[in-house]
Each structure stands twice: as C-alpha cells, then as structure tokens.
Number of protein chains: 2
Amino acid sequence: MSRCENCIVRKFNALRAMSKEELKKVSDSKEVKTIKKGEPLFEEGEKLNGVYCVRNGVSKLSKLSANGKDQIVKLASTGELLGQRSVIAEEFSNLSAHAVSDMEVCYVPKEHILNSLKQNPDFTVEILRHMAHDLKEADDVIVNMSQKNVKQRMAEAFLYLKDYFGEDAEGYLVLTLSREDIANVVGTATESAIRIISEFKKKGWLRISGKRIGILEEKALRDLVEGF
Amino acid sequence: MSRCENCIVRKFNALRAMSKEELKKVSDSKEVKTIKKGEPLFEEGEKLNGVYCVRNGVSKLSKLSANGKDQIVKLASTGELLGQRSVIAEEFSNLSAHAVSDMEVCYVPKEHILNSLKQNPDFTVEILRHMAHDLKEADDVIVNMSQKNVKQRMAEAFLYLKDYFGEDAEGYLVLTLSREDIANVVGTATESAIRIISEFKKKGWLRISGKRIGILEEKALRDLVEGF
DNA sequence: CTAAAACTATGACATATGTCAGTTTTCCCC
DNA sequence: GGGGAAAACTGACATATGTCATAGTTTTAG
C-alpha cells in the first residue's frame, strides 16, 4: 500500500517535520478512508481519536446554530490536517467536517501526534506555524463578516474559490458548491446568495452552467470587494 | 525590580513552562512599560520584535477596515501574551493593540521566545495549547457574527464582560468601554449599540451610570442570546 | 472654572437582507 | 427515459440595521 514516507501530500503539512521512524509508525497504523460527497468525517461535539490528512477532495468545516443554519468556517483540501486542534487541546471537536466532493483521507491515531509533540520539537513548531496561520485567517474572516456587506463577501468567496481550487479547462471553478454551501460560507440566506449570483451573471461578471460557475470579470469582483 | 521568576502573571500563560534559566534571561532583558488608556502597544502591519505580557489593564486587539471602522477581535487582560502569533509566524502583525484601560506590560524580546521554542518542547506545547484555544474562540466569534443578530450579540457582549472582567462593589461592570468600543466588539454601528443599550435599560435588564453599565437581569440576557 | 472637545443619545429615513410562498429546473435512481 | 426529490430561482413583503442630522451630556484641558 501507499506509504507516508513517499506521500507528497505530507509535504504540505506538519507531518513533513516527522522523522523516518515516526513516519514509519504512522504509516503502519494509519487507515485510508474513502468518503463520499456529503458524508461526514466527524461531527461537532465528537471526541476525536485521531487526525485526518486529506489526500484528495475538499471538506467543509462548519458549525450548526440553534436556528438550524450552518456556518462554514473553512474549506480544507489536499494536504490539510483536520482535527489537529481538538486532538492537541484534548477537547471535543468544535466543528463538523463534511466532504463537499468525494474524498480520500488518511486517518492517523492521535497517539502518534501526541508522541511527536512530546518528542519532536520541529514537528511541534511546524504544527504551531500552521495554527498561527489558521488563526490569522480566522481573524480576517471575523473582520470581513462584520465590515463587508453580503455582495462584497460573495465576490470575495468566488475569488477565493478561484485562488485556492482553480479553474478547469473551460474556465469554470473546479470546486462546485451548492448555492446553500456558498451561502453558508458567506454567512447569508440561500435566497440572497442566489439573487446575488443572478445579479453578477446579469452584469457579465460570472457565467453559469448548471452548478458550475465561471468568473468572467475578476477585476470587477475585486473592485467590489475593495469598495469601489 | 520585579523578577519574572516570582511573577504570578506568568502562571496564566505559556511562560510558566520556561525553565529557571530561561526565565532568568527573560527577566534580565525584559522591559516594563506603562501604557496609558488609549495608547497603542503596536499597530497593524508593524513588525514585532517581541511579545507583550500583560501585568495589568486591558488591551483591545482590532483591525481597521477600508471604511474606517475598527473591528475588535479580542480583549486581552492580565496574563495574556500579545504578539505571539506574529512573532512565531515571523510575519507583520495582522492586528493593532491599544490599551482600553491604563496598562502595565512586560516587553520580552522575541529571541527568548524563539529560543525556547527551539529548545523547550514543553514551552512550545504550552504556546500551542493557548493558540488552539484562541483559534476555537475565533471560530465561535465567526459563527456568532453570522448567526446572531445585533441584539443577541450585544447581550452576549455584556455577559462576556461580566464573566471575564467581573463587577465592582456596586455591581457595575469593572471594564468600562466606550459605546464605540462596544459597537466595535459587537460589529455594529455606534448608534445601534447605543439604542440597544437604551432598550435594555428601559426593559430593566441593565442600569447605567455615565459610562458604567450594570447587569440587572442576567437571565433575560441569556435567554435573548439563546433565542427565546 | 470655563470653554471646547469628545462622547452619548434620539429621531427620521433609506436600504440591505431575511423570510415565506410558489414555480421552475436539474439531477438521479429505478 | 420517466417520475420524483432536491436544488435553484423569483417575487412580495417585513424588518433589522446603517446613515445622517442634531441635540444634550460628560469629560478634558488650559
């Protein structure tokens, strides 16, 4: 089977700081899982006994509120480690993770993570760096949520989807999210998201083909985000 | 002068994981600073060459947006380390820090932090734990911002101020923020914040004495937050 | 102690956004 | 390929929230 030692994905996360021996142990006890679009990796409030290393596909990390709405806090794709925060803090997960496309992930029992934290300072610093980055991004999201209006946040979301997941040969965004998911990223009602997509389309900024969305006027979107 | 080795404040943050020798070095090179209410500790975009350990007083961490509004992301008080994220990621600060009450802080040059990160795994894990906690809180803020309305967030803010900073002998909140700061915590317009304070007062949930705010009906506020 | 500045408060109004209801389209699964 | 479920869309409407203008109040500085 595939060995962590040779896995390219590892290069993108803290596992790259693990020693040969550590990786060997991880590789021997890891479990490769296939997760279908829509299925959960884990749920809010669950006790996580390991972390998930994403080989393929995209996951949404979200939190459900009293009124039944989901807020998507982060989209995680190839190379990201899911669940590290909960495992490190030894707390229940504060977020749910669901696949938004078919996924292939490696489940790594937490013992390996906790051991390496104790014994491998490089690994710990690496984890720390990633978490520092996540924290900064979270701060940015907070500021955006409170200071930009829904249209601006929608525009920003499309630019984000392009930058992080790219476009296909025909110029459509590779990651296709349902309108509801888009609304939950942006933090608005599904109907509002749909209306704004229609508006952007009418203006010639986007083109739509079923679920697929293509960006036509990137500059216009950027200007809107900046408030021009 | 005061020595870090004997400082109680240290118990509340990652510095408690430092060894005697490390602390000695920190203590020898630290600089105690007094910061008046309203003055900055550091500004967004600034390169930080050290972290600030809060001995006394409260600081607001905020980010300015294009439209001139500030969003307060966190209030930090006794025991918190400010600037650790930027120092660790070796990036410019993404937030500004200003004193909202008179403060006494210790400035610790970053070398000590970075050295201990390399050499003291316990320290690193301790920092990691704190950052994991901050990240979780940030996620919660994101969800609150998108799923609760302004009234609910205002109610939550008062409960937060009570829980974290307490009440004085007369039952007023110890930390007095300007209406503008309250609005910037909640992410709303100052006028809206004022109106809601008036409304809560009219309902008998709060009492006001100049800038000072006292909570009279904690349960009513909690129910509002929960959506009853 | 007084004048100016900063902050707080309130009203009137505009508008962005959410909600509900109903229709149309797309997507699957048998 | 057809029927049914889910998703996408649209309109009408309610309302929460922001904006602007103005007045009152408290704090600060000289």
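Chain letters run A, B, ... following the sequence lines, proteins first, then strands; residues in each count from 1.
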query: Is the phosphate of D:dT10, meaning OP1 or OP2, less than 4.0 Å from a side-chain N or O of A:Ser198?
result: yes
Can I get a per-line list of side-chain donor-acceptor pairs under 3.5 Å for residues 185-193 of chain B, giving both atom names and the distance, sequence neighbours left out?
none

task: State, without any angle test, whether B:Glu44 and B:Asn94 hold a side-chain donor-acceptor pair at a distance under 3.5 Å.
output: no
- prompt: Expressed in angstrom and rounded to an integer, what is the separation of A:Ile208 atom CD1 from C:dT26 atom C1'?
  reply: 14 Å
Spacing of A:Ile194 atom CD1 relative to D:dA6 atom P, expressed in whole Å: 16 Å
A:Arg153 charged N/C atom sitting above A:Tyr160 aromatic ring, 6.0 Å / 45°: no
query: For the pair made of CD1 in A:Ile182 and C1' in D:dA7, what is the distance, rounded to whole Å?
result: 12 Å
field: Nearest-angstrom distance from the residue atom NZ of B:Lys202 to C1' of C:dA9
entry: 11 Å
task: Would you give a per-nucleotide map of nucleotides 14-30 of chain D, 5' to 3', where B means the base has a protein non-hydrogen atom under 4.0 Å away, S means only the sugar-phosphate does, and - means neither?
output: ---SBBB----------
- request: For A:Ile197 and D:dT10, give me the distance from atom CD1 to atom C1', rounded to whole Å.
  value: 14 Å
- request: If the plane angle is over 60° it's perpendicular, under 30° parallel, otherwise tilted; pick one for B:Phe158 and B:Phe200.
  value: perpendicular
- request: Establish, from distance only, whether the side-chain atoms of A:Gln71 and B:Ser146 form a donor-acceptor pair under 3.5 Å.
  value: yes
query: Does the cation-pi check pass for A:Arg207 over A:Tyr172, that is, NZ or CZ under 6.0 Å from the six-membered ring centre and within 45° of its axis?
result: yes
query: Roughly how many Å is it from CG in B:Leu177 to P in C:dT8, rounded to a whole number?
result: 10 Å
- prompt: Rounded to whole angstroms, how far apart are CD1 on B:Ile213 and P on C:dA9?
  reply: 8 Å
query: Which whole-number value in Å describes the distance from A:Arg179 CZ to C:dT25 P?
result: 15 Å
